[in-house]
2 protein chains.
Amino acid sequence: MQKKEAPLHNNLAWPTVQRLSEYLIILEQFAEGGREVISSSELAEVYSNTPSQVRQDIFRLPNTGRVGQGYRIKELAEAIRETLGLDSVTKIVIVGCGRMGMTLAQHIPFGEHGMKLCGIFDNDPTIIGLEIEGTKVEDVSILEKKVVESAVSMAVLCVPASVAQELADRLVSSGIKGILNLTRQRLKVPPGIYVQYEQIICSFMQLAYKCKQSPRPAPNL
Amino acid sequence: MQKKEAPLHNNLAWPTVQRLSEYLIILEQFAEGGREVISSSELAEVYSNTPSQVRQDIFRLPNTGRVGQGYRIKELAEAIRETLGLDSVTKIVIVGCGRMGMTLAQHIPFGEHGMKLCGIFDNDPTIIGLEIEGTKVEDVSILEKKVVESAVSMAVLCVPASVAQELADRLVSSGIKGILNLTRQRLKVPPGIYVQYEQIICSFMQLAYKCKQSPRPAPNL
DNA sequence: TTAACATTGATAAAATTTTAACAGCCATTG
DNA sequence: CAATGGCTGTTAAAATTTTATCAATGTTAA
Ligand SMILES: NC(=O)c1ccc[n+]([C@@H]2O[C@H](COP(=O)([O-])OP(=O)(O)OC[C@H]3O[C@@H](n4cnc5c(N)ncnc54)[C@H](O)[C@@H]3O)[C@@H](O)[C@H]2O)c1
Ligand SMILES: NC(=O)c1ccc[n+]([C@@H]2O[C@H](COP(=O)([O-])OP(=O)(O)OC[C@H]3O[C@@H](n4cnc5c(N)ncnc54)[C@H](O)[C@@H]3O)[C@@H](O)[C@H]2O)c1
């Protein structure tokens, strides 16, 4: 069975993109544990879907598995990164360094995923100047300057909702390409600029819906 | 045009559930602003989808809009909450009160969404006893006892990945129904228990993929 | 060397989700 | 009071996504 030439337009289904990003986390964990090869059924077992779906998701990726053998974990991870656009260093900035912004700065291993944190901004004088994981918090007044200078492509918004749109506008006019918006404010952006919304409370609601499907089980201590 | 009787089994499509939870956030913001009525096209404009999809999503909900008039925001919000399973108070606990756990405790308005935070647990003596937004951090050794006592139905895991599975097991054996897992550890749980995974880094990756579709625009200051 | 085995790559069928279309209803206006 | 216009509820069609299936292939063991 021959692998077809890679499709010109790597246009993946959105659900596939979502799963691929999660597979990557799983693959990295396996790799850390020293594992070299994984099969679609093992990955499906961990992810809780089917081997068929895993193969279908991986099908479009440039890298090939070995028929009968499974996938080389490192190669597969690299193929996913490349396909998602994380092959070159993706520059990002954090805007708003309160509790949330600081947690992200300290805790998300950007480097491990082909991204580089190259700026943290706030407007609170007591926060400006703090150094977090090697990055100094800067005054938000120089946001545009820094974003343009470093050709930053993505930003995370962790400011109060009331100023989110204003900062989004400033980011967009500085040439940013995508915004990860953690505030509750829905943003208006021009076409060609992408916004990804993320609300933990929504995950709770979705979980509540799942839970509603069956009654609370009895404790089993 | 007659509204059909409510379907017996309110089995919503999963993408619909996801959108409904986001509509709710939007509706709450409109309500705060004093708005009383909203049309499917206005909601679609803010959410960035189509009026048709909005109507299709709302279609199965018990509450009715007024033909020609739009939806009463409060009624619609209430219908969504009810459908998602947030009509009665859903009890939740936070497990792990480091940076992430603390941010959630302080920042997520559980009460506004039909949920009640009724416990925060950690194993660090310097953290145990702290009071966060009116809830004391307790020793994780009494986790099972408290979960059973209060009939808690959902938990958020914000502990190090290395202890995530162990704590998930303890939660499950205490009768928990759903786990919102913020750690990178994929969890094994028995059937009938639901896990919702949430990784901000995955949102970044998904955003990177969106951004890859077109080149970075020139700044426009 | 050959046969058995496990597992992918690929395709086709099934299922789900989105989009489109429009009849019917309610408020408003003259 | 009748006509108009806006917008929902509902259905059906289109598009997308998931699932099933199986030939092909490298590996291992006899
Ligand atoms: N998506 C989620 O799940 C989630 C969870 C928690 C919080 N949040 C949201 O994240 C945002 C931040 O939350 P937080 O807990 O960090 O709040 P916070 O108040 O601790 O932090 C906000 C930060 O923004 C800074 N700021 C205010 N105005 C600014 C401006 N004009 N320019 C630059 N910086 C500015 C403040 O100085 C502060 O440091 C809020 O909108 C909150 O609702 C989202
Ligand atoms: N999903 C995301 O987007 C995201 C973002 C940031 C962090 N995280 C994850 O969230 C988790 C916590 O991150 P953090 O920044 O809060 O780390 P942290 O180290 O600040 O907090 C971990 C807390 O767990 C407590 N803990 C350790 N062992 C425990 C046990 N057995 N029982 C109870 N409590 C215990 C520690 O005392 C500490 O307070 C980590 O797994 C991290 O990877 C996820």
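Side chains included, hydrogens not; waters and symmetry mates left out as well; all remaining heavy atoms used. Numbers restart at 1 for each chain; the letters A, B, ... are given by sequence-line order, proteins then strands.
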Rounded distance (Å) that lies between atom P of D/dG9 and atom CG of B/L76: 10 Å
Separation of atom CZ in B/F59 from atom P in C/dT19, rounded to whole Å: 17 Å
Whole angstrom value for the distance that separates P of C/dT7 from CZ of A/R72: 15 Å
Listed nucleotide nearest any side-chain atom of B/Q69, set C/dC26, C/dT19, D/dT19: C/dC26
Pairing residues for B/D57 by the side chain to side chain donor-acceptor pair (under 3.5 Å) criterion, not counting sequence neighbours: B/T16, B/R19, B/Y23
Any A/Y71 side-chain N or O less than 4.0 Å from OP1/OP2 of C/dA6: no
Selected nucleotide, minimal atom distance to B/S52 side chain, candidates C/dG9, D/dG9, C/dA21: C/dA21
Upstream residue (5' side of DNA chain D) when A/R66 and A/T16 are each assigned their closest nucleotide: A/T16
Side-chain donor/acceptor of A/Q56 to base of D/dT19, under 3.5 Å: yes
A/Q18 CD - D/dT16 C1' separation (whole Å): 14 Å
Heavy-atom pair with the smallest gap, counting every atom of A/K188 and A/Q165: N-OE1, 2.9 Å
Salt bridge (charged side-chain N to carboxylate O under 4.0 Å, His left out) contacts in which one or both residues fall within residues 84-102 of chain B, not counting sequence neighbours: none
Atom-pair distance (CG on B/D57; C1' on C/dT18), nearest Å: 10 Å
B/P15, nearest nucleotide to its side chain (from C/dT18, D/dG26, C/dC26): C/dT18
Spacing of A/R60 atom CZ relative to C/dT11 atom C1', expressed in whole Å: 13 Å
Distance in angstrom units between B/Q53 CD and C/dT18 C1', rounded: 6 Å
Approximate separation, where rounding is to 0.5 Å, of A/L84 CG and A/L12 CG: 7.5 Å
Residue list, side chain to side chain donor-acceptor pair (under 3.5 Å) with B/S41, at least two apart or on another chain: B/S39
ring-ring contact (aromatic ring centres under 6.0 Å, His included) partners of A/F110, counting only residues at least two apart: B/F204
Contact residues, residues 25-51 of chain A to DNA chain C [heavy atom, < 4.0 Å]: A/S39, A/S40
Sequence neighbours excluded, every pair satisfying salt bridge (charged side-chain N to carboxylate O under 4.0 Å, His left out) that has a member inside residues 25-35 of chain B: B/E28-B/R81, B/R35-B/E42
A/R55, nearest nucleotide to its side chain (from C/dA27, C/dA10, C/dT18): C/dA10
Spacing of B/R19 atom CZ relative to C/dT19 atom C1', expressed in whole Å: 12 Å
